[in-house]
Trainee: 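Here you go, one structure.
We name chains A, B, ... by the order of the sequence lines, and we start the count at 1 in each one.
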There are 2 protein chains.
Amino acid sequence: MSDTYTGVPSVLAQDLPRPVPAVEPGSCPVGAVFDRLGDRWSLLVIVLLGGRAHRYNELHRAIEGISQRMLTRTLRALENDHLVARTVHATVPPGVEYDLTPLGRSLLTPVSALADWAVAHAHELRT
Amino acid sequence: MSDTYTGVPSVLAQDLPRPVPAVEPGSCPVGAVFDRLGDRWSLLVIVLLGGRAHRYNELHRAIEGISQRMLTRTLRALENDHLVARTVHATVPPGVEYDLTPLGRSLLTPVSALADWAVAHAHELRT
DNA sequence: CAGAATCCTTATCGATACTG
DNA sequence: CAGTATCGATAAGGATTCTG
């Protein structure tokens, strides 16, 4: 077996041209992650909650252009994946707080790596 | 400024709860990357080409379930982003080879990090 | 405040057939 | 071999209205 799932060592990917077995989208864990975070809003929510916990309407205001429908659906999906925790405070009016779970927090590390790449190479995408 | 775009150092993300400024989807480089790779096939193609260059029909056979339409569209999109290079060999019948560009190859590193996370935590997603 | 429900428009994608 | 063209199904997403 190789070091990593893609057959590419995490640190020096560019050094080895190695064959990779054929894959179907369903059987690929990375694909599963992209399926979950690849929509327009999930990642934005993750990053925002990476800073601090947010209330529902805080998120609604922070994420310019998201509809209530999409915000709710996104949060529910992230909850189901155990990336985000939802806690209701029994106050009047009721306050609902969303925060990252430890699992969600651990995701920030590889996402951050991708973010660094994105910032470094953004100017090279398209012309 | 902070170490990384998300405000989270790449190595130890879980250690600092730091505020993150509000973002819109368009202005986020990470979002831009996910917009490009977040569909069902792009990442699969990248990983396959990370192993070695492929001919069109090789990819078609390797990726179970993709339609010609989607394969072509995916490859064209990756070409436009300078992640994949398309070279036509003037033989009969004509052979078209697809391979990663240096830029595309550099993307394998952060993607591999995400892949490692996916493999490590796949069992924690959903129940 | 934090949503659920409904409607409606658009974007995505697969299947099929055809071509230089 | 390596595509293009066309069509139809489906799903994603926004706007609006209503509620505990």
Side-chain angles (χ1 to χ4, degrees), chain A residues 22-26 28 31-46 48-49 52-81 84-99, chain B residues 22-26 28 31-46 48-49 52-81 84-99:
Chain A
V23 271
E24 323 94 71
C28 178
V33 173
F34 271 74
D35 273 356
R36 285 172 165 81
L37 307 180
D39 61 289
R40 194 130 112 256
W41 309 111
S42 294
L43 199 65
L44 236 35
V45 171
I46 295 274
L48 275 174
L49 295 185
R52 60 170 174 85
H54 280 69
R55 299 265 299 271
Y56 181 87
N57 277 344
E58 274 187 310
L59 287 172
H60 197 198
R61 277 187 299 272
I63 304 174
E64 199 68 26
I66 196 172
S67 63
Q68 282 190 331
R69 174 190 158 89
M70 277 303 104
L71 179 54
T72 301
R73 286 173 63 91
T74 301
L75 289 170
R76 293 285 178 275
L78 294 175
E79 253 191 281
N80 278 333
D81 289 335
V84 163
R86 173 183 186 267
T87 54
V88 183
H89 299 283
T91 58
V92 225
V96 178
E97 263 205 354
Y98 292 92
D99 200 358
Chain B
V23 270
E24 323 95 71
C28 176
V33 173
F34 270 74
D35 273 357
R36 285 172 166 81
L37 307 180
D39 62 288
R40 193 130 112 258
W41 310 111
S42 294
L43 199 64
L44 236 35
V45 171
I46 296 274
L48 275 175
L49 296 184
R52 59 170 175 84
H54 280 69
R55 300 265 297 272
Y56 181 88
N57 276 345
E58 275 187 309
L59 288 172
H60 197 199
R61 277 187 299 272
I63 304 174
E64 198 68 24
I66 196 173
S67 64
Q68 283 192 330
R69 174 191 157 89
M70 276 304 104
L71 180 55
T72 300
R73 285 173 64 91
T74 301
L75 289 169
R76 293 284 178 275
L78 294 174
E79 253 191 281
N80 279 333
D81 290 336
V84 163
R86 173 182 186 268
T87 54
V88 183
H89 300 283
T91 58
V92 222
V96 179
E97 263 206 353
Y98 292 92
D99 200 357

Trainee: Just to confirm, is there a sub-4.0 Å distance from OP1 or OP2 of D:dG14 to any side-chain nitrogen or oxygen of A:Trp41?
Mentor: yes
Trainee: How far does CZ of A:Arg76 sit from OG1 of A:Thr74, to the nearest 0.5 angstrom?
Mentor: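 The CZ atom of A:Arg76 sits 10.5 Å away from the OG1 atom of A:Thr74.
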Trainee: Using a cut-off of less than 4.0 Å, is there contact between a side-chain N or O of A:Arg86 and OP1 or OP2 of C:dG3?
Mentor: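 Affirmative; the distance criterion is met.
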Trainee: For the residue pair B:Tyr98 and B:Tyr56, does the interplanar ring angle fall in the parallel (under 30°), tilted (30 to 60°) or perpendicular (over 60°) class?
Mentor: tilted
Trainee: Take atom CG of B:Leu71 and atom C1' of D:dG3, then tell me their distance rounded to the nearest Å.
Mentor: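 Checked: the CG to C1' distance equals 10 Å.
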Trainee: Begin with the C-alpha distance, continue with both residues' side-chain angles, and end with the deciding distance and a verdict on side chain to side chain contact (heavy atoms under 4.5 Å, CB included) for B:Val84 and B:Arg86.
Mentor: CA-CA 7 Å; B:Val84 163; B:Arg86 173 182 186 268; 5.7 Å; no
Trainee: Quick one: A:Leu75 CG to C:dA4 P, roughly how many Å, whole number?
Mentor: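 In whole Å, C:dA4 P and A:Leu75 CG are 10 Å from each other.
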Trainee: State the CZ-CG distance between A:Arg40 and B:Asp35, to the nearest 0.5 angstrom.
Mentor: 7.5 Å
Trainee: Taking NE2 from B:His60 and C1' from D:dT4, how many angstroms apart are they, rounded to a whole number?
Mentor: 14 Å
Trainee: Separation of B:Glu97 atom CD from D:dC1 atom P, in whole Å?
Mentor: 14 Å
Trainee: Considering heavy-atom distances to DNA chain D, does A:Pro94 or A:Ile66 have its closest nucleotide positioned more toward the 5' end?
Mentor: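 Closest to the 5' end, via its nearest nucleotide, is A:Ile66.
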Trainee: Would you please confirm or rule out a distance under 4.0 Å between OP1 or OP2 of C:dT12 and any side-chain N or O of B:Arg40?
Mentor: no
Trainee: Please report, rounded to the nearest Å, how far the P atom of C:dA11 is from the CE atom of A:Met70.
Mentor: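 Rounding to the nearest Å, CE of A:Met70 and P of C:dA11 are 15 Å apart.
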Trainee: What is the distance from CZ of B:Arg61 to P of D:dG3, rounded to the nearest Å?
Mentor: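 Computing the B:Arg61:CZ to D:dG3:P distance gives 13 Å.
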Trainee: With a 3.5 Å cut-off and just heavy-atom distances, do the side chain of A:Gln68 and the base of C:dA4 make a donor-acceptor pair?
Mentor: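 Such a pair is found, so the answer is yes.
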Trainee: Please state how far atom NE2 in A:His89 lies from atom P in C:dG3, giving the value in whole angstrom units.
Mentor: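 Whole-Å distance recorded here is 12 Å.
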Trainee: In whole Å, I'd like the distance from the CD1 atom of B:Ile63 to the C1' atom of C:dC13.
Mentor: 15 Å
Trainee: D:dA2, D:dC1, C:dG3: which one has an atom nearest the side-chain heavy atoms of B:Tyr56?
Mentor: D:dA2
Trainee: Tell me which of A:Arg69 and A:Arg55 sits closer to the 5' end of DNA chain C, going by the nucleotide each one is nearest to.
Mentor: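 Comparing both residues, the 5'-ward one is A:Arg55.
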Trainee: Any side-chain heavy atom of B:Ile66 sitting closer than 4.5 Å to one from B:Leu44?
Mentor: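 In short, these two side chains do not touch, never coming nearer than 4.5 Å.
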Trainee: So, is A:Tyr98 near the phosphate of C:dG3, with a side-chain N or O under 4.0 Å from OP1 or OP2?
Mentor: yes
